[in-house]
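Written below as structure tokens is the structure these notes are about.
Computed over heavy atoms, backbone and side chain alike; hydrogens, waters and symmetry mates excluded. Bear in mind the structure is a predicted one, so any value in this text is a computation, not a measurement.
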2 protein chains.
Amino acid sequence: MISTEHTSKQFDAELEAVRAQVLQMGGLVESQIRLAIEALINDDVPLMDRVINDDHRVNGMEVQIDENCNQIIVLRQPAAGDLRMVMTVVKTITDLERIGDEAAKIARMGKLLSQRKSIILPRYTEIKKIAELALDMIHKSLDAFARLDLAYTAQVVRQDELVDEEFRTIMRYLISYMMEDPRTISTALEILFVAKAIERIGDHAKNMSEYVVYMVKGKDVRHVTVEEIEREVLE
Amino acid sequence: MISTEHTSKQFDAELEAVRAQVLQMGGLVESQIRLAIEALINDDVPLMDRVINDDHRVNGMEVQIDENCNQIIVLRQPAAGDLRMVMTVVKTITDLERIGDEAAKIARMGKLLSQRKSIILPRYTEIKKIAELALDMIHKSLDAFARLDLAYTAQVVRQDELVDEEFRTIMRYLISYMMEDPRTISTALEILFVAKAIERIGDHAKNMSEYVVYMVKGKDVRHVTVEEIEREVLE
């Protein structure tokens, strides 16, 4: 558990509130990705527009939470575990905001694909699979953050490797598509960028998991191997 | 200018030291990009390896500066402009670290391209051009940070649009290449990912410039238009 030097109940409530806001932002971001993928698969342009328009809500939450963290630092002068918690929040929301950007990007790619009325009907099976993996990573990272529980951390790091592998599979599959029929190249590249956006989402989720280790253990695992993380978590 | 409520000379020196560290990290990151592009153009594999191996230095600097910022918060309890400065540093080094990752990625792509002994000899004119643009953006962002000078901010945001445009030009050019000769597809995709990495670097540089506006003005311009930034800066 995190050490709690502070005694003020009000302070506890403030920290709790900011943590709840992060989870709320995380929920919104998860929903944005789900909707972007759903819109892509169903060629649902109004839904794509909704995802694009709702990105400002994610951005607004980032600015608000950032502001609240600054307030806490100024008014409460947190130290040790509390400060780590606040700094973890600041970093986490940066990644969440960028995941939100990727969701909007996927929706924009979806619109391009829709306009193209493409000559290949993309099979989105693989895109769905990699998106589910990335969503699971976000979910586990937020869970770890909420419960200060490191059990999932190494799992998330390993899942990121799976996402990268899945991305390479999709790329190979698209390359063979393009080679067979060069008229599919533009469409295939748009699908490739969707996959790339999802791969980025995995990277951000991995960052978020690593911040939780720092928050709980006070050790920075951003630049170590997954084996070292596993040792760290088990300690 | 930033407001200076603190009176301690020691505190001033600490803030100055952390700012200097950010600039040093920025210099290392700029050099990593330059070397990665140089290695790519000259097909210089040992230099690519050096870039990949030196990425840990960038990572180490991020962890160190982060630690110093936490120390300053705990010991000095900065408020207002000073706190904004510290938080700006924390955010800036996250972007610098990710720019470092992109430099290493470019070097890894270079190695793949080198192994492939590709049937097309890529013209790197466009890659060089987009890389120069992105490097200039980083340089201006660091300058703005160093001098607390907002004159460059809107410029950097506009340059980011240029980088995005240049990326689309490269993509169109690569598509026509691939369509003409499908055997070039794999190579073309690797070059496309190099261009994508550089486009990302531009995004990070833009983020850094926006943090400087926040630091100086106390206003968050991350999610506003370039016109609004210009108004903000002129005020």
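- The stretch residues 91-101 of chain B places Lys91(B), Thr94(B), Asp95(B), Glu97(B), Arg98(B) near chain A, each with some heavy atom under 4.5 Å from a heavy atom of that chain.
- Of the inter-residue distances, the one linking Leu174(B) atom CG with Leu189(A) atom CG reads 9.0 Å to the nearest 0.5 angstrom.
- No side-chain heavy atom of Val63(B) sits less than 4.5 Å from a side-chain heavy atom of Tyr214(A).
- No more than 12 heavy atoms of other residues, nucleotides or ligands shown are found within 6.0 angstrom of CZ on Arg50(A).
- The greatest number of non-hydrogen atom pairs below 4.5 Å with chain B, out of Val74(A), Asp55(A), Asp66(A), is found for Asp66(A).
- To the nearest 0.5 Å, the span separating CD on Gln77(A) from CZ on Arg76(B) amounts to 13.0 Å.
- Ile185(B) has its side chain within reach of Ile185(A): a pair of non-hydrogen atoms, C-beta onward, lies under 4.5 Å apart.
- For Met178(B), the parts sitting under 4.5 Å from any heavy atom of chain A are the backbone and the side chain alike.
- Across all non-hydrogen atoms, the minimal contact from Asn70(A) to Leu83(B) is O-CD2, 3.7 Å.
- Applying the salt bridge (Lys or Arg N to Asp or Glu O under 4.0 Å) rule to Arg200(A) yields the partners Glu102(B); only residues at least two apart in sequence or on another chain are considered.
- Residue Ser186(A) comes nearest to Ile175(B) through the heavy atom pair OG-CD1, 3.8 Å, listed as atom of the first residue, atom of the second, then distance.
- Options Arg172(A), His56(A), Glu62(A) differ in how many heavy-atom pairs under 4.5 Å they form with chain B, and the most are formed by Glu62(A).
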